[in-house]
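The structure displayed is predicted, hence computed values, not measured ones.
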Amino acid sequence: FDVEVEWWKPDGSNKKEMKRNFKLVTKTLSYNKSGMKRLNSIVILLIFCSVSFSIIAQRQIVSLDGNWSFCVDSLKKGLNDKWAKNGLPDKLSATVTVPHTWNIKKETCHYWGWGWYQRSIMVPGEWKGKNIKLQFNAVYHDATVWVNGVKAGEHKGSGFTKFFIDVSKLLVPSKKNIITVLADNS
């Protein structure tokens with residue numbers, strides 16, 4: 001289980017980045033003085049287009065690795081008891097460090113079934129109106145994700161593949177938000 005959050009806003013306001021990218025295009029123009037002017041123009045245009053795209057898409061990636069609450073749910077009570085909304089039961093929970101797998105612990109090395117992860121995060125006010133996605137680098141085997149008790153999405157039958165969940169409309173800026181993940185390795 002490994003996750004990070006990223007946000008970006010297409011505003012093109014980073015002038016320093018624009019200036020650096022313009023220098024890259026300028027150097028390419030002065031370097032490409034050969035008889036193949038038309039081909040060089042196409043190459044330069046492609047470079048300029050890709051540079052321009054990087055100016056528009058500014059993003060920040062924040063790792064959510066670290067301490068999470070974790071709970072084995074061998075009786076599959078978490079859905080009925082609404083753990084995503086009400087929180088994981090204190091008596092059954094432990095703090096783990098994500099990235100994490102429960103199969104490395106002696107007591108759960110042969111456990112196949114449900115495991116719940118939960119963490120609160122403070123979302124900065126400047127994230128308001130931005131596209132925010134949770135990126136999961138791996139959850140074996142199935143994952144269901146909630147934000148503030150609302151189901152945000154799921155990823156089924158894919159094992160260790162990277163996936164994204166759009167949480168732009170579910171996170172509340174300038175507030176504490178709860179992310180809950182149900183992992184099922186059965």
Side-chain angles (χ1 to χ4, degrees), residues 1-10 57-186:
F1 177 69
D2 188 11
V3 63
E4 55 193 34
V5 62
E6 67 178 45
W7 66 263
W8 65 94
K9 184 173 184 181
Q58 298 175 5
R59 70 180 184 182
Q60 177 183 7
I61 297 175
V62 178
S63 174
L64 294 180
D65 289 355
N67 292 339
W68 286 66
S69 293
F70 171 74
C71 180
V72 169
D73 187 10
S74 59
L75 300 176
K76 298 186 177 183
K77 294 176 71 174
L79 286 177
N80 288 335
D81 292 349
K82 298 183 170 121
W83 291 356
K85 184 175 183 176
N86 301 326
L88 304 184
D90 289 335
K91 291 179 185 177
L92 302 175
S93 298
T95 300
V96 298
T97 302
V98 168
H100 175 258
T101 178
W102 64 73
N103 295 118
I104 61 168
K105 294 199 119 202
K106 183 179 179 182
E107 353 16 288
T108 53
C109 68
H110 298 293
Y111 173 70
W112 299 97
W114 290 9
W116 292 77
Y117 294 85
Q118 194 167 66
R119 177 180 175 165
S120 66
I121 61 168
M122 188 68 176
V123 175
E126 58 267 15
W127 286 18
K128 185 177 183 175
K130 296 190 178 185
N131 298 315
I132 305 169
K133 293 185 180 189
L134 291 175
Q135 173 184 318
F136 292 84
N137 293 328
V139 177
Y140 186 80
H141 185 265
D142 297 335
T144 306
V145 180
W146 290 264
V147 173
N148 299 322
V150 178
K151 188 175 179 181
E154 48 187 17
H155 186 67
K156 301 284 185 180
S158 295
F160 293 107
T161 60
K162 183 186 296 188
F163 65 97
F164 299 86
I165 303 283
D166 187 345
V167 295
S168 304
K169 295 178 181 174
L170 299 174
L171 289 174
V172 181
S174 302
K175 301 260 183 191
K176 183 172 87 168
N177 291 262
I178 306 295
I179 299 171
T180 308
V181 179
L182 169 58
D184 180 0
N185 72 349
S186 57

Donor-acceptor pairs under 3.5 Å, side chain of residues 143-169 to any protein atom, not counting sequence neighbours: which ones?
unit_1 : atom_1 : unit_2 : atom_2 : d
N148   : OD1    : I178   : N      : 2.8
N148   : ND2    : L170   : O      : 3.1
N148   : ND2    : N177   : OD1    : 2.8
K151   : NZ     : E154   : OE1    : 3.2
H155   : NE2    : T161   : OG1    : 3.0
S158   : OG     : K156   : O      : 3.4
T161   : OG1    : S158   : O      : 3.4
D166   : OD1    : S168   : N      : 2.9
D166   : OD1    : S168   : OG     : 2.7
S168   : OG     : I132   : N      : 2.7
S168   : OG     : I132   : O      : 3.3

Tell me, with the steps shown, if W112 and H141 meet side chain to side chain contact (heavy atoms under 4.5 Å, CB included). CA-CA 10 Å; W112 299 97; H141 185 265; over 6 Å; no
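- Interatomic distance, CG of D142 versus CG of L182, reported as 9.0 Å (0.5 Å rounding).
- Shown here are the salt bridge (charged side-chain N to carboxylate O under 4.0 Å, His left out) partners of K176, two or more places apart in sequence or in another chain: there are none.
- A distance of 7.0 Å separates NE2 of H100 from NZ of K105, quoted to the nearest 0.5 Å.
- Between N103 and T108, the shortest heavy-atom distance links the atoms ND2-O, 3.2 Å.
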I'd like a table of donor-acceptor pairs (distance under 3.5 Å, sequence neighbours excluded) in which one partner is a side-chain atom from residues 76-96, with atom names and distances.
unit_1 : atom_1 : unit_2 : atom_2 : d
N86    : ND2    : D81    : O      : 3.1
N86    : ND2    : K82    : O      : 3.4
S93    : OG     : P89    : O      : 2.7

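- Within the model, atoms CD of Q60 and NZ of K130 stand 7.5 Å from one another, a figure rounded to the nearest 0.5 Å.
- In this structure, K175 has no salt bridge (charged side-chain N to carboxylate O under 4.0 Å, His left out) partners at least two apart in sequence or on a different chain.
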Show your reasoning for whether side chain to side chain contact (heavy atoms under 4.5 Å, CB included) applies to K133 and N131. CA-CA 7 Å; K133 293 185 180 189; N131 298 315; 5.6 Å; no
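- Remark: S186 pairs with D184 by the side-chain hydrogen bond (donor to acceptor under 3.5 Å, both in side chains) rule, at least two apart or across chains.
- One distance of note links OG1 of T101 with CZ of F70; it measures 8.5 Å at 0.5 Å rounding.
- Partners of W102 by side-chain hydrogen bond (donor to acceptor under 3.5 Å, both in side chains), not counting sequence neighbours: none found.
- Shortest non-hydrogen contact noted between L134 and L64 is CD2-CD1, 3.9 Å.
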Would W127 and V62 count as a side chain to side chain contact (heavy atoms under 4.5 Å, CB included) if you check the C-alpha gap in whole Å, the side-chain angles of each, and the deciding distance to 0.1 Å? CA-CA 12 Å; W127 286 18; V62 178; 3.9 Å; yes
